[in-house]
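Below: one structure, written as structure tokens.
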Amino acid sequence: MCARFKPNDERRKGQFPPINRDEFVKEGSLKNQVANLLAEAFKQWVLDEGLDAQLLNHKVMIEQARDERHGDYASNLAMVVAVKAGRSPRFAAEALIERVAKPSWLESVKIAGPGFINFRLSDQAHHAIIQRVRAKGNQFGCLEPEKGAKKLLIEFVSANPTGPLHVGHGRGAAYGDALARLLRARGWLVDSEYYVNDAGRQMHKLALSVWLRYLERCGMDIEFPSGLYRGDYVRCAAEILYMQQGENLMRSPPSGVMDGENDEARLDVMMGICREELGETDYQRVFDMGLTYNLNDIREDLLSFGVSFDRWFHESELVRHGDLERAVDRLSEAGWTYEKGGATWFASTRLGDDKDRVLLRENGQPTYFASDVAYHLNKCERGYSACINIWGADHHGYIARVRNAMQALAGSTDFLEILLVQFANLYRGSARVSMSTRDGEFVTLRTLREEVGNDAARFFYVMRPCDQHMDFDLELAKSQSQENPVYYIQYAHARICSLHVQLEQKGWGFESEEGIRSLSLLRESHELSLMRQLRRFEEVMDLAAQNRAPHHLANYLRELASALHTYYNHTIILVPETEVRNARMALVDAVRQVLYNGLAFLGVSAPRFM
RNA sequence: GCGCUCGUAGCUCAGUUGGAUAGAGUGUCGGCCUCCGAAGCCGAAGGUCACAGGUUCGAAUCCUGUCGAGCGCGCCA
């Protein structure tokens with residue numbers, strides 16, 4: 001249990017042994033090890049005093065000590081169980097402390113306050129972490145997937161290919177990608193996927209929009225009805241269509257349908273005419289132009305943003321391969337559907353939903369919901385043991401019905417985890433920016449990236465919990481770009497890189513072996529708290545991955561950068577004494593590596609110069 | 001009307017799943033470069049954790065109610 005860190009005397013001989021990485025991976029973080037020690041002591045105490053074994057059901061929680069004076073970790077176990085054990089909290093704490101094994105990496109275990117148990121790690125424990133950072137490099141923070149690790153599918157963005165991505169999608173993209181990176185780092189086998197809604201009515205509206213712009217391009221006088229897509233990109237798609245097809249797709253424009261009483265019904269009539277006039281083959285050309293133009297645009301946009309997917313899953317595949325019919329059939333066979341008013345309904349209320357949901361419309365067309373059921377059934381059948389969906393907050397109302405469908409089909413919803421990303425409210429100065437996609441006024445992700453840069457955008461997006469509303473002032477992000485929090489972290493990284501340059505210029509160089517051997521020379525409070533910050537990294541990674549909360553990592557990086565800046569201002573690192581200098585460089589270079597890795601997990605770069 | 005997410009410093013927000021004296025950034029004010037990058041550091045000021053009850057050794061955190069904000073409640077996607 002306590003064999004990982006070699007005792008002092010061996011290190012003094014300069015035989016600092018490499019840490020057994022496999023052993024470390026298996027045992028988890030120092031925090032978990034402390035929890036194990038306390039759990040053992042707890043068990044022993046219950047046994048020794050003949051206490052009720054039920055007590056052991058209490059989970060042993062270890063938390064990061066808030067105040068450095070309290071040590072590294074703290075536990076409230078004694079206070080939690082005191083009443084049931086019939087002991088005073090302080091008495092219980094004393095009894096537990098007596099029974100805690102004290103390996104060499106643990107300096108002290110003490111009682112404090114009303115009954116806290118405080119743990120302090122030894123210096124060697126912290127030095128070993130610096131050595132591990134050095135040894136693992138870019139892989140520090142990553143765990144190898146265990147044998148038989150679970151396969152996980154994470155689906156995000158999945159915006160309809162009817163226009164460019166806007167800033168709301170950007171948050172989902174930054175969050176989903178950071179989460180995927182975090183989960184991979186912590187040993188999950190993760191596939192990422194974008195679900196392309198290319199089979200619904202919206203796509204036919206897009207096709208009609210493109211065709212009308214195309215007719216305009218051919219010189220015809222067209223009245224462009226409201227409710228269609230009127231962004232510039234529609235004209236671009238039409239232009240390409242014109243270049244490819246010339247006037248081959250010219251037909252008489254749909255007319256005489258403009259003065260109905262219902263906008264949407266009018267559009268339906270126009271879409272019908274468009275399809276009829278063009279015929280299936282030509283209509284498909286127009287339709288595909290709208291789809292591929294937008295899909296290419298989205299793919300390129302995301303790629304530039306540093307977000308890529310393992311798979312783009314098309315809704316039309318579900319239709320083509322019969323998954324959709326099969327999903328509905330399976331629900332029917334299991335007795336979950338009924339006919340009413342010519343439509344097929346899913347009896348969602350039997351599982352607690354507000355109302356039943358239509359699967360197949362009166363006209364036989366499947367609903368969006370039916371596709372979703374088929375898609376999730378498909379995910380299930382692909383052998384994933386867990387699926388994470390990241391949806392926009394406006395999809396909130398769909399959670400219950402999709403979960404219910406999975407409950408009906410698979411008998412469980414445990415494998416399905418749905419996370420909602422709240423919209424970022426955009427401001428220009430003090431004016432709220434409209435997010436309407438209808439007028440083409442909305443702010444695209446691309447605009448945002450050009451204004452504030454990829455790094456700032458990604459960091460801002462994941463700086464807050466995804467389920468929180470967030471105000472994002474474009475003017476502020478632009479005008480204050482120099483005070484952007486991400487620069488603060490990047491600056492710390494660049495400062496350390498600059499030290500390496502200075503070293504070269506002075507002809508000193510960096511002896512990392514000697515530095516690591518000499519770490520015990522570092523006794524300043526700023527040095528010790530930097531080491532403590534480094535130790536927290538893997539714990540924060542776990543916290544962020546387990547809670548699907550990359551913002552913990554963002555906050556941590558800011559704190560680490562702050563500790564570095566404080567140290568840097570307070571202490572000269574490049575001193576003439578070689579041992580001290582190398583020790584300080586070893587410490588600071590470990591900070592550099594952790595900043596680099598941490599930013600990388602958030603999809604943010606760490607430049608060497610700024 | 002019902003459901004979900006919330007309400008913490010002037011502003012934008014953390015708060016390690018119920019712990020020790022509620023913290024950052026920004027803004028305001030005052031200090032620090034003959035010294036490794038001042039995109040930095042140090043200090044001051046700023047709070048009825050929306051409000052009222054409750055649960056217990058202990059509440060910003062959990063429960064109930066009130067007020068307020070956002071989102072969702074379609075044979076749209």
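Chain identifiers are assigned alphabetically (A, B, ...) following the order of the sequence lines, protein sequences preceding nucleic acid strands; residue numbering begins at 1 within each chain.
- Following rounding to the nearest Å, Y491(A) (OH) and G37(B) (P) show an atom-to-atom distance of 8 Å.
- Separating the C1' atom of A60(B) from that of A9(B) is a span of 14 Å, rounded to the nearest Å.
- Residue side chain H70(A) meets the stacking definition with respect to A20(B): its ring centre sits within less than 5.5 angstrom of the base's six-membered ring centre, and the planes differ by less than 30 degrees.
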CA sep, side-chain torsions, deciding dist, call: Y556(A), E539(A), side-chain hydrogen bond (donor to acceptor under 3.5 Å, both in side chains)
CA-CA 10 Å; Y556(A) 164 80; E539(A) 295 160 18; over 6 Å; no

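- Heavy atoms of T566(A) sit under 4.0 angstrom from primed sugar atoms or phosphate atoms, though from no base atom.
- Heavy atoms of R66(A) sit under 4.0 angstrom from at least one base atom.
- A salt bridge does not link R120(A) with E68(A): none of the charged nitrogens is closer than 4.0 Å to a carboxylate oxygen.
- Rounding to whole angstrom units, CZ of residue F116(A) and C1' of G58(B) are separated by 9 Å.
- Heavy-atom nearest nucleotides on RNA chain B were determined for Q546(A) and for R401(A), and the one closer to the 5' end corresponds to Q546(A).
- Taking atom P on both U8(B) and C62(B), the two are 15 Å apart, rounded to the nearest angstrom.
- The base of G19(B) sits within donor-acceptor range of the side chain of N76(A), with an N or O pair under 3.5 Å.
- Base pairing of A60(B): no nucleotide in any strand meets the Watson-Crick or G-U wobble criterion (both distances under 3.5 Å).
- Residue T571(A) is classed as a base contact, given a heavy-atom separation below 4.0 Å to a base.
- In this structure, G342(A) reaches neither bases nor backbone, as no heavy-atom distance under 4.0 Å exists between it and the strands shown.
- For C4(B) and G47(B), the C1' atoms lie 29 Å apart once the distance is rounded to whole Å.
- For the 3.5 Å distance criterion, the side chains of S75(A) and E63(A) fail to qualify, holding no donor opposite an acceptor.
- Looking only at side-chain heavy atoms (C-beta outward), P161(A) and Y293(A) stay at 4.5 Å or farther from each other.
- Y73(A) and Q64(A) are not linked by any side-chain donor-acceptor pair at a separation below 3.5 angstrom, with hydrogens and angles left out of the test.
- As rounded to the nearest Å, U26(B) and C42(B) have P atoms that lie 12 Å from one another.
- Residue D354(A) is classed as having no contact, given no heavy-atom separation below 4.0 Å to the nucleic acid.
- Pairing for A44(B) is with U28(B), a Watson-Crick or G-U wobble pair whose two hydrogen-bonding atom distances lie under 3.5 Å.
- Comparing A494(A) and K340(A) against RNA chain B, the residue whose closest nucleotide sits nearer the 5' end is A494(A).
- Between Q533(A) atom CD and A24(B) atom C1' the separation is 13 Å, expressed in whole Å.
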